[in-house]
Each structure stands twice: as C-alpha cells, then as structure tokens.
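Side-chain atoms are counted along with the backbone in the values below, which use heavy atoms only and exclude waters and symmetry mates. Residues: numbered from 1 along the sequence shown.
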Amino acid sequence: MLARTERATELNSLSRLFEADDLPAGDLPTPLDKIYDGGLSIPEGSVYANFVGSIDGVVALEGGTAASGGIISGRNEMDRFVMGLLRAFADAVLVGAGTVRAEGGKALWTPEYIYPAATEAFAVLRQSLKRQKTPRLVIVTARGDLDPSQRSLQVGALVLTTMTAAARLRKALPQASEVRAVSDGESFGVDEIFAALQAEGYRTILTEGGPHLFGLLVARNRVDELFLTVSPKLIGKHARSFGLIRGVDFGRTFKGGRLLSVRRADSYLFARYALEHAA
C-alpha cells in the first residue's frame, strides 16, 4: 500500500541532531517516521509557520513576486517532504494573496501536491488525526487581487477580504471557492482572520507566509511554533529581497524563541522553534 513512500525512504531521509527532552514525540505512520527520523506531534489548536531561508536570512525574492521557496531550497526533496508533513497536520493552511500569486497557476497547498511520493502515508496520518481529506487553503487579501484561473481557486479555497473586494470576487472566482467579507473598511487585522477561522472550525493552523502576514501574526502573539529550513546558500540582501518578517518592527523588544529540534539532510538544516509570548 505504501510502496511509493518506502521507495522514497530508500532515496533520502532526515537525520535527527537534537530534540528537546520535553518535546512529545508523537506517532507517525512508519514510512513517514523513517523519513523524518522519528515521530512528530503538533499540538491541537496551535498555529505554526513553515519557511525556507538562505544562510543570510532571505526568504522572499524579487519583491515577493517569485516562487521563492522552491528557488531558495533548490526544490530540495527533504524540504518538500517537511512541507507536506506539516500540511498533513493542519486543518487549514493560511497564506497571503501575494504568496498565491508568486507560486503561480498550478500550485496547491496540500501534502500530496508538494511531496506526492508520500500521498498514501499522508492520508493515513490525516485519518488518524480525524482531519478532512485535505487541509483548507485560506487566503487573506485586502485588495482582492487574485487570478480566478489559478488551480488553488479552481479546486476551492476560503478567501478572507473586505466587503468592497468581496462583491467583486464573488462574481469573478470559481464557485468552488468561498469569499468571506471580514471587514467593511479598506483593511482588516489578525483578530478578524482568526475569528473567521474559528467560525469555520479550523483550530490547528499552518501558515506559509509571506513575510508580511507572518510579521503581523508574530506581532499579535498568534504563532506558537516556527519550522525553518536553512538552505546552504548565500543570496545577498537588497530592497527586493525580504527576510522572515517584513513591515513589522519590534524595536528592542525582541521576540524570543526556544529551539525544540534540529534535523539535517546533506547541508540543509531543519529547525523547530517554540516562539515565546505566543497566545
């Protein structure tokens, strides 16, 4: 049944370098456990983020218009596996409209899309967690700048936007997608986003960016954990390359994190942090 995943295990896997003593191991289907080098548990009701960045801290290229994650990681197989695994735990995957535009027309935010070799094992994991077949893609956009031809909208997403943009998007987007107005102004905040998620029954939330949305979530203490892949590349920083957080300045009141685990594949590092002061 899980032959494809077993073949993938033979090709590549992670190596566990560190894990905090108080970190619950969790149970994974055997093929996923072998690739991940151990179990994984995501607490119910938590909000967690996943990014890939360069050694010098770049996570977004070309002003956020490029499919930066794949470029920075070099489409590394184990980075894609971790993306799929983290999606498999989530009720919903939360992204900004800029991330959807950057990823292009064919992208989906499902476990099996990003790592198809583990499709069956991901399904087994979701069944054990009593999740729906796939996580719901939730897109936040104040302007409503979305291309209705994008595959993620064709198969169905929840779009959170303003009342003005909602009227236009309901006419433009495919019927499979749902548009929800969460504000009658020109913008909306983190509280409105999470009120909408709660109304849908989505409790365990994965966010994959971009840096502006992540910054807003961290500023409001909404992110419990960060999974960060460090790609062995130096990219250089300029006005059109962004770090993990954009548009939010914490001053000298830094947001702290505690290292929970580190895994390695070749020269790539896969770190997990608990963020302090999380709600």
Stepwise salt bridge (Lys or Arg N to Asp or Glu O under 4.0 Å) check, Glu225 with Arg272: CA-CA 7 Å; Glu225 294 188 4; Arg272 178 183 184 182; 2.7 Å; yes
Interatomic spacing from CZ in Arg222 to CG in Leu275 - rounded to 0.5 Å: 14.5 Å
Counterpart residues, salt bridge (charged side-chain N to carboxylate O under 4.0 Å, His left out), relative to Arg263 (two or more places apart): Glu19
Selection residues 151-165 - residue pairs positive for salt bridge (charged side-chain N to carboxylate O under 4.0 Å, His left out), sequence neighbours left out: none
Pairs touching residues 139-177 that satisfy ring-ring contact (aromatic ring centres under 6.0 Å, His included), sequence neighbours left out: none
Those residues that, when tested against Asp79, pass side-chain hydrogen bond (donor to acceptor under 3.5 Å, both in side chains) (two or more places apart): Thr229
Pairwise distance CG(Asp27) to CG(Asp33) - rounded to 0.5 angstrom: 8.0 Å
Test item: side-chain donor near acceptor, Tyr202 and Arg136, under 3.5 Å: yes
Using a 3.5 Å cut-off and no angle test, enumerate the donor-acceptor pairs between side-chain atoms of residues 58-72 and protein atoms at least two apart in sequence or in another chain.
{"unit_1": "Thr65", "atom_1": "OG1", "unit_2": "Glu62", "atom_2": "O", "d": "2.7"}
{"unit_1": "Ser68", "atom_1": "OG", "unit_2": "Leu61", "atom_2": "N", "d": "2.8"}
{"unit_1": "Ser68", "atom_1": "OG", "unit_2": "Ala66", "atom_2": "O", "d": "3.2"}

Partners passing salt bridge (charged side-chain N to carboxylate O under 4.0 Å, His left out) against Arg101 (at least two apart in sequence or in another chain): Asp145
Minimum-distance pair of heavy atoms, taken over all atoms of Leu28 and Gly38: CD1-O, 3.5 Å
Backbone N/O of Leu158 and side chain of Arg180: donor-acceptor pair under 3.5 Å: no
Distance-only donor-acceptor check, side chains Lys233 and Tyr268, under 3.5 Å: yes
Validation row: Phe81, Tyr36 side chains within 4.5 angstrom (heavy atoms): yes
Geometric class of the Tyr115/Phe122 ring pair [parallel <30°, tilted 30-60°, perpendicular >60°]: perpendicular
